[in-house]
Amino acid sequence: MTANRPFDPDCIFCKIVAGQVPCRRVLETDLSLAFLDVGPLSRGHTLLIPKAHFATLDALDPDSAADLGRCLPTLCKAVAQAAGTPHCNVLQNNGAPAGQAVMHVHFHIIPKHSDGSGLPFEWPAGAIDNAAADALAASISRATH
């Protein structure tokens with residue numbers, strides 16, 4: 001651990017990064033760590049985390065965000081090869097109401113196998129009217145600047 005890296009002593013993922021809790025590491029960089037999920041939805045279910053503690057995606061520093069982005073394609077390919085299926089879900093729950101159980105940014109790489117194991121998935125698509133969509137897009141665009 002570097003002295004300037006955010007760390008939460010009560011966070012299980014921070015404890016894993018610090019070596020206080022064991023894990024099955026599969027990929028590691030200076031800024032990121034990937035390891036097998038201890039409660040997998042399917043064979044090969046892997047987590048990718050920043051080594052620094054950030055509760056949600058919007059709190060990430062640019063370097064950690066970039067490193068996670070660089071690791072994801074490599075990790076997806078490796079998980080697919082090892083798990084024996086090219087199909088997977090990449091999931092990031094951002095905040096407790098969105099299903100985030102550990103308040104440390106993490107991505108799930110969840111292989112989808114022919115036996116149906118993996119992330120249960122249903123997409124109840126809705127509709128949006130054009131005026132509402134235009135206003136929403138403009139609002140989001142303004143917030144990015």
Side-chain angles (χ1 to χ4, degrees), residues 1-128 132-133 136-145:
M1 277 317 200
T2 60
N4 60 356
R5 181 181 290 158
F7 179 83
D8 179 348
D10 297 321
C11 172
I12 186 68
F13 290 166
C14 287
K15 290 177 182 180
I16 289 171
V17 170
Q20 298 168 356
V21 172
C23 72
R24 291 181 174 88
R25 295 172 188 247
V26 298
L27 176 70
E28 187 167 8
T29 69
D30 289 342
L31 299 175
S32 300
L33 176 64
F35 51 92
L36 293 182
D37 193 309
V38 296
L41 293 180
S42 65
R43 183 176 171 274
H45 184 163
T46 301
L47 299 177
L48 174 64
I49 67 171
K51 287 184 173 179
H53 182 83
F54 298 99
T56 55
L57 197 60
D58 53 297
L60 278 174
D61 68 68
D63 290 336
S64 293
D67 197 65
L68 290 168
R70 282 188 295 272
C71 290
L72 272 170
T74 301
L75 188 58
C76 285
K77 184 177 179 179
V79 168
Q81 182 178 352
T85 179
H87 312 291
C88 72
N89 293 97
V90 177
L91 175 69
Q92 195 279 324
N93 299 321
N94 206 52
Q100 185 177 2
V102 177
M103 292 302 145
H104 183 121
V105 170
H106 58 287
F107 289 85
H108 294 262
I109 295 83
I110 308 166
K112 189 68 171 179
H113 296 278
S114 59
D115 66 1
S117 64
L119 182 69
F121 192 78
E122 183 180 328
W123 193 280
I128 189 168
L136 182 59
S139 179
I140 293 170
S141 180
R142 282 190 304 276
T144 65
H145 301 313

Whether [X] side chain and [Y] backbone form a donor-acceptor pair below 3.5 Å:
| X | Y | value |
| --- | --- | --- |
| N94 | L57 | yes |
| Q20 | P9 | no |
| H53 | C11 | no |
| H104 | P50 | yes |
| R5 | L31 | no |
| K112 | N89 | no |
| T85 | H113 | no |

Distance in Å, [X] [atom1] paired with [Y] [atom2], rounded so as to fall on 0.5 Å steps:
| X | Y | atom1 | atom2 | result |
| --- | --- | --- | --- | --- |
| S42 | H87 | OG | NE2 | 12.5 Å |
| N93 | M103 | CG | CE | 9.0 Å |
| K51 | I16 | NZ | CD1 | 13.0 Å |
| S64 | D30 | OG | CG | 11.0 Å |
| R25 | F35 | CZ | CZ | 8.5 Å |
| L33 | C71 | CG | SG | 9.5 Å |

Exercise for review: Assess whether atom CD of Q81 is packed by more than 12 heavy atoms of other residues, nucleotides or ligands within 6.0 Å.
Suggested key: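 Atom CD in Q81 is not packed in, count stays at 12 or less.
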Review point. Counting heavy atoms not belonging to D58, are there more than 12 under 6.0 Å from its CG?
Key: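 Yes - once you tally the heavy atoms of other residues, nucleotides and ligands closer than 6.0 Å, there are more than 12.
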[X] and [Y]: which non-hydrogen atoms are nearest, and at how many Å?
| X | Y | result |
| --- | --- | --- |
| D61 | F54 | OD2-CZ, 2.9 Å |
| L68 | S32 | CD2-OG, 3.6 Å |
| I128 | A133 | CD1-CA, 3.8 Å |

I'd like to check [X] versus [Y] (side-chain heavy atoms, cut-off strictly below 4.5 Å). Are they in contact?
| X | Y | result |
| --- | --- | --- |
| K77 | T74 | no |
| T46 | L27 | no |
| V105 | F13 | no |
| L75 | F107 | no |
| C88 | V79 | no |
| H108 | L47 | yes |

